[in-house]
Asker: 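This is the structure I have questions about; it appears just below.
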Amino acid sequence: NNQIIVTTLETIQDSPDMFKSLTDSVSFIFKNSNSNWVKNVALKTLTRLNPDLGRKQIKEILIATHSPLLPSALTSLATLNQVEDWNLILPFLKEGDPSKISEAIELMATLNPDQFSEEIKVSLRNLILKKDPGLVALIAELAKQNRWKDFAKPLAQSLSSLSSEDTTES
């Protein structure tokens with residue numbers, strides 16, 4: 001029963017040090033379950049039990065940008081909470097689906113300002129240039145939250161351009 005498996009995995013997540021010996025079993029569940037729900041919870045659990053193994057699985061999911069496990073991979077990435085781990089999303093930010101990129105940006109709002117590498121900030125600035133109103137709004141909020149003054153000019157240019165396009169369409 002998937003509910004029992006998920007409940008067990010969530011219990012393991014709460015005390016990862018006590019359950020380290022179950023890493024292989026959780027990895028097996030992650031790789032072999034037919035349920036995305038179970039796989040999502042297994043990935044989060046695996047990342048808590050063995051960050052290196054979790055990181056490896058997250059990389060594979062991020063490379064396949066259309067994976068149904070993407071939200072879980074991003075949440076698991078957030079639990080790793082390392083600057084170098086967030087750099088794993090760089091290719092995804094460049095090539096990913098705007099709705100998935102939005103999810104990633106929303107999760108970035110949980111990070112401290114010092115957890116953003118310069119590479120991530122450059123990718124975010126490049127996303128502003130794509131002039132997707134939803135992404136621009138999320139990035140503007142992230143820039144405001146982190147007091148990134150260097151985002152002011154590209155955001156202003158993008159917003160000005162978006163405003164004139166809205167006026168032209170109407």
Side-chain angles (χ1 to χ4, degrees), residues 10 13 16 27 30-31 36-37 39-170:
E10 288 171 340
Q13 282 180 39
S27 181
F30 172 74
K31 290 177 183 173
N36 283 337
W37 177 42
K39 283 182 168 256
N40 281 322
V41 177
L43 178 60
K44 291 175 190 174
T45 305
L46 187 59
T47 303
R48 298 273 319 228
L49 288 173
N50 185 328
D52 291 335
L53 190 53
R55 189 175 286 112
K56 179 180 177 230
Q57 297 302 327
I58 291 167
K59 277 184 185 179
E60 291 175 15
I61 293 166
L62 291 175
I63 289 168
T65 57
H66 299 292
S67 170
L69 302 176
L70 188 60
S72 179
L74 293 170
T75 303
S76 296
L77 190 64
T79 65
L80 291 171
N81 211 16
Q82 301 293 319
V83 173
E84 59 273 10
D85 291 324
W86 280 99
N87 283 338
L88 294 174
I89 69 167
L90 288 170
F92 171 74
L93 287 176
K94 294 174 186 170
E95 319 248 340
D97 174 300
S99 65
K100 303 295 184 185
I101 293 171
S102 295
E103 290 179 45
I105 294 171
E106 288 172 4
L107 276 170
M108 287 182 194
T110 65
L111 299 176
N112 294 323
D114 60 338
Q115 291 179 290
F116 288 91
S117 68
E118 191 54 39
E119 292 89 353
I120 287 178
K121 289 174 72 176
V122 166
S123 289
L124 290 170
R125 278 192 291 273
N126 288 337
L127 284 171
I128 294 169
L129 301 176
K130 291 185 177 188
K131 299 181 183 170
D132 178 300
L135 293 178
V136 171
L138 286 170
I139 294 168
E141 187 60 37
L142 195 61
K144 177 184 170 192
Q145 174 185 325
N146 290 291
R147 296 185 172 100
W148 293 335
K149 292 180 178 25
D150 55 328
F151 275 66
K153 186 175 180 179
L155 282 168
Q157 290 171 338
S158 180
L159 291 173
S160 172
S161 172
L162 287 170
S163 295
S164 65
E165 288 173 15
D166 288 343
T167 306
T168 306
E169 290 177 13
S170 53

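Note that the coordinates shown come from a computational prediction; the quantities given were computed from them, not determined experimentally. Counting from 1, the numbers follow the sequence of the chain as shown.
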Asker: Would you check, one step at a time, whether the test side-chain contact (heavy atoms from CB on, under 4.5 Å) holds for Val136 with Ile139?
Answerer: CA-CA 5 Å; Val136 171; Ile139 294 168; 5.9 Å; no
Asker: What residues form a side-chain contact (heavy atoms from CB on, under 4.5 Å) with Ala152, not counting sequence neighbours?
Answerer: none
Asker: Rounded to the nearest 0.5 Å, how far does CG of Leu127 lie from CG of Leu138?
Answerer: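 Those atoms lie 10.5 Å apart.
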Asker: Any idea which heavy atoms bring Pro68 and Asn40 closest together, and the distance?
Answerer: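 Closest heavy-atom pair between Pro68 and Asn40: O-OD1, 4.3 Å.
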Asker: What residues, two or more places apart in sequence or in another chain, satisfy side-chain contact (heavy atoms from CB on, under 4.5 Å) together with Asn87?
Answerer: Leu90, Ser117, Glu119, Ile120
Asker: Between Asn146 and Pro113, what is the shortest heavy-atom contact and its length?
Answerer: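 Smallest heavy-atom distance, with atoms named: OD1-CG, 3.2 Å.
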Asker: Tell me whether the guanidinium CZ or amine NZ of Lys39 lies under 6.0 angstrom from the six-membered ring centre of Phe30 and within 45° of its axis.
Answerer: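 Judged by the rule, Lys39 and Phe30 form a cation-pi pair.
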Asker: Decide side-chain contact (heavy atoms from CB on, under 4.5 Å) for Leu74 and Leu62; before the verdict, give the C-alpha distance in whole Å, the side-chain angles of both, and the deciding distance to 0.1 Å.
Answerer: CA-CA 8 Å; Leu74 293 170; Leu62 291 175; 4.0 Å; yes
Asker: Who are the side-chain contact (heavy atoms from CB on, under 4.5 Å) partners of Asp114, not counting sequence neighbours?
Answerer: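 By the side-chain contact (heavy atoms from CB on, under 4.5 Å) rule, Asp114 matches Asn112.
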Asker: Between NZ of Lys131 and CD of Gln157, what distance do you get to the nearest 0.5 Å?
Answerer: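 Separation between the atoms: 8.5 Å.
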Asker: Got a second to check how far Lys121's NZ is from Leu142's CG, nearest 0.5 Å?
Answerer: 10.0 Å
Asker: From Ile61 CD1 over to Ser72 OG, what is the distance, rounded to the nearest 0.5 angstrom?
Answerer: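 One finds 6.5 Å between CD1 of Ile61 and OG of Ser72.
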Asker: Please list every donor-acceptor pair under 3.5 Å in which a side-chain atom of residues 44-60 meets a protein atom from a residue at least two apart or in another chain.
Answerer:
residue: Thr45; atom: OG1; partner: Leu9; partner atom: O; Å: 3.2
residue: Thr45; atom: OG1; partner: Gln13; partner atom: NE2; Å: 3.0
residue: Thr45; atom: OG1; partner: Val41; partner atom: O; Å: 2.8
residue: Thr47; atom: OG1; partner: Leu43; partner atom: O; Å: 2.8
residue: Arg48; atom: NH2; partner: Gln13; partner atom: O; Å: 3.2
residue: Asn50; atom: OD1; partner: Asp52; partner atom: N; Å: 3.2
residue: Asn50; atom: OD1; partner: Leu53; partner atom: N; Å: 3.0
residue: Asp52; atom: OD1; partner: Arg55; partner atom: NH1; Å: 2.8
residue: Arg55; atom: NE; partner: Asp85; partner atom: OD1; Å: 2.3
residue: Arg55; atom: NH2; partner: Asp85; partner atom: OD1; Å: 3.4
residue: Arg55; atom: NH2; partner: Asp85; partner atom: OD2; Å: 3.1

Asker: Residues in side-chain contact (heavy atoms from CB on, under 4.5 Å) with Ala143, at least two apart?
Answerer: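 Testing Ala143 for side-chain contact (heavy atoms from CB on, under 4.5 Å), a comparison that skips the adjacent residues, returns Trp148, Phe151, Leu155.
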Asker: Taking all atoms of both residues into account, what is the closest heavy-atom pair of Pro71 and Glu103, and its distance?
Answerer: CG-OE1, 3.1 Å
Asker: Can you tell me how far the CG atom of Asp132 sits from the CD1 atom of Ile101, to the nearest 0.5 Å?
Answerer: 8.5 Å
Asker: Could you check whether any side-chain N or O of Ser158 sits under 3.5 Å from a backbone N or O of Pro154, counting only pairs where one atom can act as donor and the other as acceptor?
Answerer: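 No, the answer is negative, given that no donor and acceptor are paired below the 3.5 Å cut-off.
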Asker: Calculate, to the nearest 0.5 Å, the distance between atoms CD1 and OG belonging to Ile128 and Ser123 respectively.
Answerer: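 Result: 11.0 Å between the selected atoms.
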